[in-house]
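Have a look at the structure below before the remarks.
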Amino acid sequence: MSMESKYSPKEVEAKWEKLHREGGAFAASGEGKPYTIVIPPPNVTGALHMGHALNHTIQDVLIRFKRLQGRRTLWQPGTDHAGIATQNVVERMLAKEGKKRREMGREAFLEQVWAWKDEYEARIVGQVQRMGNSCDWDRLRFTMDEGLSRSVRAAFVHLFEKGLIYRGKYIVNWCPKDRTALSDDEVETKDGGEPGHLWHLKYPLADGSGHIIVATTRPETMLGDTAVAVNPKDERYQGMIGKKIALPLTDREIPIIADDFVEMDFGTGCVKVTPAHDLNDFQVFQRHPDIGVINIMNEDASLNEEVPARFQGLDRFEARKRIVVEFEELGLLEKIEDRMTPIGRSYRSGEPIEYRLSDQWFVDMKPLAEKALASTREGRVRFVPERWNDYYCKWLENVRPWCISRQLWWGHRIPVWYDEDGVACAALEAPTVHPKTGKPIVRQDDDVLDTWFSSGLWPFSTLGWPGEGASAGAATEEWIQPDVPGHYPTDVLVTDRGIIFFWVARMVMMANELTGKDPFHTVYIHGTILDDKGRKMSKSLGNGIDPLEMADQYGADAVRFSLLNLSSEGQDIKLSPTKFEMGRNFGNKIWNAARFLLPHLEGADMGAVALDPADRWIRSRLATVTNTVTKLLESYKFADAAMELYHFAWGDFCSWYLELRKNEIHGEDSPAKRSAVGSCLRVLSDITMLLNPFMPALTEELREHLGLPQAIQSAWPV
RNA sequence: GGGCGUUUAGCUCAGCGGUUUAGAGCAUCUGCUUUACACGCAGAGGGCCAUAGGUUCAAAUCCUAUAACGCCCACCA
């Protein structure tokens with residue numbers, strides 16, 4: 001391509017990306033020490049955003065830097081099936097055509113989701129490539145691939161056999177909209193709560209000797225009350241303990257019990273107990289099993305047949321209104337207080353979650369967390385910046401059982417089968433008879449696994465775990481047979497703080513349990529991209545900046561360079577489109593420096609001895625900068641490295657050295673000219689090498705024009 | 001209720017092993033059709049480094065409070 005005074009990145013970027021990808025330059029090769037990064041697999045729900053662009057740029061810089069240093073690099077790409085999220089977007093799409101998931105049936109619906117996945121995966125891959133990332137695309141994986149699905153089953157079977165996966169009836173977070181259980185981590189609560197009310201209800205004593213008052217934020221649950229609790233030390237209620245309440249609107253009588261969890265100074269000091277619909281209350285039930293449990297809700301949070309007929313089928317919020325009205329009519333409504341109440345919402349649907357007592361599969365996290373904690377405490381898995389070490393460890397220390405079953409269709413079907421007596425077994429492949437009871441298998445579990453279960457295996461499931469020899473039963477050493485030898489464990493994981501618990505912790509736990517190794521030694525946490533007002537970019541606010549649009553406008557290299565320049569030490573980044581001008585201008589500056597030298601290259605003497613003080617000065621500066629940039633990249637200081645190069649290339653090289661040599665370069669052919677051109681070329685060559693990880697296309701294009709070998713095939717300057 | 005982060009030029013941010021006039025990019029102002037680049041060149045203005053104390057010969061930089069903004073965790077009905 002010709003050298004216009006303005007650098008046009010678009011075609012150049014497409015050219016080099018395609019050339020290197022198709023030429024196999026991104027594949028792991030050579031004898032060097034392996035260096036591995038697995039990409040945080042983007043969800044197949046939609047397009048990539050700026051957060052991905054930053055995340056990928058950092059990984060690509062590391063990969064390219066190590067590749068130039070002679071390492072055998074592997075950047076493992078792939079995408080995530082993202083259970084609920086993807087099922088939701090496909091359901092929404094189908095709804096526009098008037099189709100409903102439940103009417104279509106499981107198989108027909110899943111066919112639609114697979115079609116969606118194929119389309120979006122292709123789009124995502126195209127976008128990642130457009131940004132110049134050097135993933136090994138021949139190794140593209142998807143969490144629901146055959147191989148990865150086998151990993152999921154193997155992991156499940158191992159944990160099941162070890163007793164770390166169990167089934168139980170517990171209170172779970174329930175999304176009535178998606179009609180599925182959610183893990184604790186999938187529930188979001190707004191700081192300070194949301195505007196709501198505290199209803200004070202009178203509960204009459206059964207013997208007619210008066211009443212007590214309970215306060216609740218969810219009056220509709222009173223139909224499922226099985227007790228009223230007071231603190232055993234509360235003198236006000238000493239005489240009441242053991243008495244019965246005539247539960248209004250029902251014909252049931254419930255006992256007044258004593259339990260420590262009740263705070264005496266809050267409200268009236270009396271708490272209604274609804275074990276089926278509140279975690280606290282369920283725990284009270286576990287301590288007082290005689291009070292019983294009544295589940296009053298259907299899957300969609302409408303009231304079921306356990307409540308009086310007039311309330312049956314009502315939505316929970318509708319029921320709330322009716323119940324309050326009836327209490328008022330009966331003179332049992334003491335008062336209504338306005339109050340900010342904590343409301344848990346599904347992080348996917350935004351729907352207020354309901355607590356629901358149901359049969360679910362859980363992972364016992366404690367033993368897994370112990371190993372993960374040891375890894376970080378003993379320095380084998382370190383976060384950058386360091387402060388995330390504590391953040392991460394605190395979560396591990398307080399880890400709770402993980403509910404892994406989801407009542408969805410899109411995901412890994414739980415590899416559990418039941419015989420005719422309902423006895424469960426877990427297996428890698430569908431069995432025909434139960435291995436222990438010998439009875440015929442009659443059905444497979446209907447539920448699918450939480451998305452993060454498969455994501456938790458990502459660093460080794462993508463690399464071939466478990467090996468061919470793996471069979472049902474607990475994992476053994478020979479399960480670890482990576483299909484790219486030497487690339488597991490991986491080196492660095494680059495991600496956002498938002499998924500440290502969801503993902504990072506689970507990978508470390510699963511890897512330690514299943515492979516006996518830490519999946520990586522370093523976790524680099526970068527900042528979050530915000531809009532220019534400091535708000536998160538989101539579809540609903542419409543404040544997103546599309547990285548692809550920016551790449552078309554400024555060049556992918558410019559976007560990459562600018563993003564890195566803004567992302568110091570994991571700080572959040574307030575972004576606006578004009579920020580990319582810096583990268584563009586910088587690229588153009590170097591482009592023009594090369595354009596200036598171009599007509600004078602013939603006879604350039606790159607081996608000339610530097611005698612002139614200016615020569616010695618620029619060479620010493622170059623040596624310093626090379627050293628500094630190397631050290632900065634090794635310590636993950638990308639912004640500093642970018643800045644160092646920016647100032648050296650623009651200030652020292654262009655403004656000083658090139659200007660100084662201008663007359664000689666423009667002059668008649670002479671040893672002085674040849675030496676001047678050669679000296680400039682030498683510096684520029686190293687600049688393009690140092691800058692190559694940041695701006696791969698521009699630097700390759702320049703080197704081609706200057707008659708230098710391709711950067712990707714050259715060595716990092718020392 | 002805990003924990004973390006941020007607060008430095010108009011804007012977005014560096015600087016935090018204490019060292020002479022506190023830096024960058026953008027914006028602003030003044031000159032430049034100088035034969036690489038106006039996505040440029042030469043220059044200029046602009047900051048009691050959130051507040052209050054403290055340590056020190058010396059603090060944006062260390063210590064202690066406070067405030068504002070943001071994020072995370074937590075079963076007060």
Side-chain angles (χ1 to χ4, degrees), chain A residues 3-9 171 184-185 188-189 191 193 198-201 213-219 221-222 225 228-230 261-274 277-284 339 341-342 344 355 385 387-388 390-392 394-395 397-398 400 497-498 500-501 527-528 530 532-536 554-555 558 562 565-576 578-600 637 639-640 642-644 646-647 650-651 654-655 658-659 662-663 665-666 680 684:
Chain A
M3 290 198 88
E4 304 294 329
S5 71
K6 276 196 176 113
Y7 171 59
S8 310
I171 289 282
D184 294 334
D185 305 293
E188 289 177 337
T189 316
D191 271 357
L198 193 58
W199 284 271
H200 294 249
L201 308 176
I213 294 169
V214 296
T216 180
T217 53
R218 294 187 300 152
T221 62
M222 61 79 50
D225 283 2
V228 167
V230 297
F261 96 100
V262 182
E263 300 285 339
M264 288 188 283
D265 7 315
F266 186 84
T268 57
C270 298
V271 183
K272 61 190 275 307
V273 180
T274 320
H277 301 286
D278 186 275
L279 179 61
N280 253 320
D281 296 1
F282 183 71
Q283 287 164 350
V284 173
R339 192 184 149 78
T341 51
Y355 298 94
R387 67 187 131 96
W388 298 109
D390 279 347
Y391 174 81
Y392 164 83
K394 287 238 168 65
W395 185 85
E397 284 161 13
N398 300 309
R400 288 181 283 179
R497 63 170 175 271
I500 289 176
F501 306 146
T528 305
L530 306 169
D532 55 352
K533 295 185 182 71
R535 301 171 304 181
K536 269 190 185 162
Y554 298 99
S562 304
N565 186 239
L566 294 168
S567 70
S568 49
E569 269 295 296
Q571 289 302 317
D572 289 351
I573 299 167
K574 285 188 198 168
L575 198 64
S576 59
T578 52
K579 295 270 170 80
F580 296 116
E581 287 174 6
M582 190 217 197
R584 180 199 59 185
N585 295 354
F586 178 50
N588 193 238
K589 184 73 186 175
I590 301 170
W591 174 261
N592 275 293
R595 207 166 66 93
F596 172 64
L597 284 181
L598 198 59
H600 309 283
K637 307 216 186 251
D640 293 342
M643 256 336 210
E644 187 74 15
Y646 181 93
H647 286 120
W650 197 312
C654 291
S655 296
L658 214 52
E659 289 295 332
K662 218 169 201 174
N663 290 336
I665 293 170
H666 271 302
C680 287
L684 188 55

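Below, chains carry the letters A, B, ... as their sequence lines are ordered, and counting in each starts from 1.
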Atom-to-atom span, [atom1] of [X] to [atom2] of [N] - whole angstrom:
{"X": "A:N592", "N": "B:A36", "atom1": "CG", "atom2": "C1'", "answer": "5 Å"}
{"X": "A:D640", "N": "B:C16", "atom1": "CG", "atom2": "C1'", "answer": "13 Å"}
{"X": "A:L658", "N": "B:G40", "atom1": "CG", "atom2": "C1'", "answer": "14 Å"}
{"X": "A:W388", "N": "B:C4", "atom1": "CH2", "atom2": "P", "answer": "12 Å"}
{"X": "A:F586", "N": "B:G25", "atom1": "CZ", "atom2": "P", "answer": "12 Å"}
{"X": "A:L575", "N": "B:C11", "atom1": "CG", "atom2": "P", "answer": "18 Å"}
{"X": "A:K6", "N": "B:C39", "atom1": "NZ", "atom2": "P", "answer": "5 Å"}
{"X": "A:E581", "N": "B:A38", "atom1": "CD", "atom2": "C1'", "answer": "13 Å"}

> Who are the side-chain hydrogen bond (donor to acceptor under 3.5 Å, both in side chains) partners of A:D225, not counting sequence neighbours?
Replying inline: A:Y203, A:K272, A:T274

Taking the [atom1] atom of each, how far is [N] from [M], in whole Å?
{"N": "B:C62", "M": "B:G15", "atom1": "C1'", "result": "16 Å"}
{"N": "B:U51", "M": "B:U8", "atom1": "P", "result": "10 Å"}
{"N": "B:A74", "M": "B:G2", "atom1": "C1'", "result": "8 Å"}
{"N": "B:G18", "M": "B:C13", "atom1": "P", "result": "26 Å"}
{"N": "B:C57", "M": "B:U20", "atom1": "C1'", "result": "15 Å"}
{"N": "B:G31", "M": "B:C71", "atom1": "P", "result": "46 Å"}
{"N": "B:C69", "M": "B:C76", "atom1": "P", "result": "23 Å"}
{"N": "B:G3", "M": "B:G45", "atom1": "C1'", "result": "44 Å"}

>> Looking at every heavy atom in both A:W591 and A:S5, which two are closest together, and how far apart are they?
In response: CD1-O, 4.2 Å

>> Could you report the tightest heavy-atom contact between A:S567 and A:I573, atom names first, then the distance?
In response: CB-CD1, 3.5 Å

> According to a strict under-4.0 Å criterion, is A:K662 in side-chain N/O contact with OP1 or OP2 of B:A36?
Replying inline: yes

>> Does a side-chain N or O of A:W650 approach OP1 or OP2 of B:C39 to a distance below 4.0 Å, or not?
In response: no

Watson-Crick or G-U wobble mate for [N], both contacts under 3.5 Å:
{"N": "B:G23", "result": "B:C13"}
{"N": "B:A67", "result": "B:U7"}
{"N": "B:U61", "result": "none"}
{"N": "B:C29", "result": "B:G43"}
{"N": "B:G18", "result": "none"}
{"N": "B:U56", "result": "none"}

Base, sugar-phosphate, or nothing for [X], non-hydrogen atoms under 4.0 angstrom?
{"X": "A:E659", "result": "base"}
{"X": "A:K579", "result": "sugar-phosphate"}
{"X": "A:R595", "result": "sugar-phosphate"}
{"X": "A:K589", "result": "base"}
{"X": "A:W199", "result": "nothing"}
{"X": "A:S568", "result": "sugar-phosphate"}
{"X": "A:Y7", "result": "nothing"}

> Are the ring centres of A:F586 and A:Y7 closer than 6.0 Å?
Replying inline: no

>> Quick check: A:Y646 with A:W650 (ring centres under 6.0 Å apart)?
In response: yes

[X] side-chain proximity, nearest of [options]:
{"X": "A:S5", "options": "B:C37, B:U12, B:C39", "value": "B:C37"}
{"X": "A:H666", "options": "B:C41, B:U35, B:C13", "value": "B:U35"}
{"X": "A:R387", "options": "B:A14, B:G5, B:G40", "value": "B:G5"}

>> Closest-nucleotide mapping onto RNA chain B: is A:Y646 or A:C654 further toward the 5' terminus? I mean the 5' end.
In response: A:Y646

>> Using the rule given for side chain to side chain contact (heavy atoms under 4.5 Å, CB included), can you reason through A:I213 versus A:C270, listing the C-alpha separation, both sets of side-chain angles and the distance that settles it, and then say yes or no?
In response: CA-CA 7 Å; A:I213 294 169; A:C270 298; over 6 Å; no

>> Is it the case that B:A36 (base atoms only) and A:E4 (side chain only) share a donor and an acceptor within less than 3.5 Å, ignoring hydrogens and angles?
In response: no

>> Does A:K536 form a side chain to side chain contact (heavy atoms under 4.5 Å, CB included) with A:L530? I'd like the steps, not just the answer.
In response: CA-CA 5 Å; A:K536 269 190 185 162; A:L530 306 169; 4.0 Å; yes

>> Heavy-atom count check: over 12 atoms from other residues, nucleotides or ligands less than 6.0 Å from A:Y355 OH?
In response: no

>> Restricting to ring-ring contact (aromatic ring centres under 6.0 Å, His included), what partner residues turn up for A:F596, sequence neighbours left out?
In response: A:H666

> With the sugar-phosphate defined as primed atoms, P, OP1 and OP2, and the base as all remaining atoms, what B/S/- string results for nucleotides 68-77 of chain B, 5' to 3', for protein heavy atoms under 4.0 Å?
Replying inline: ---SBBSBBB

> Salt bridge between A:E659 and A:K662, side-chain N to carboxylate O under 4.0 Å?
Replying inline: yes

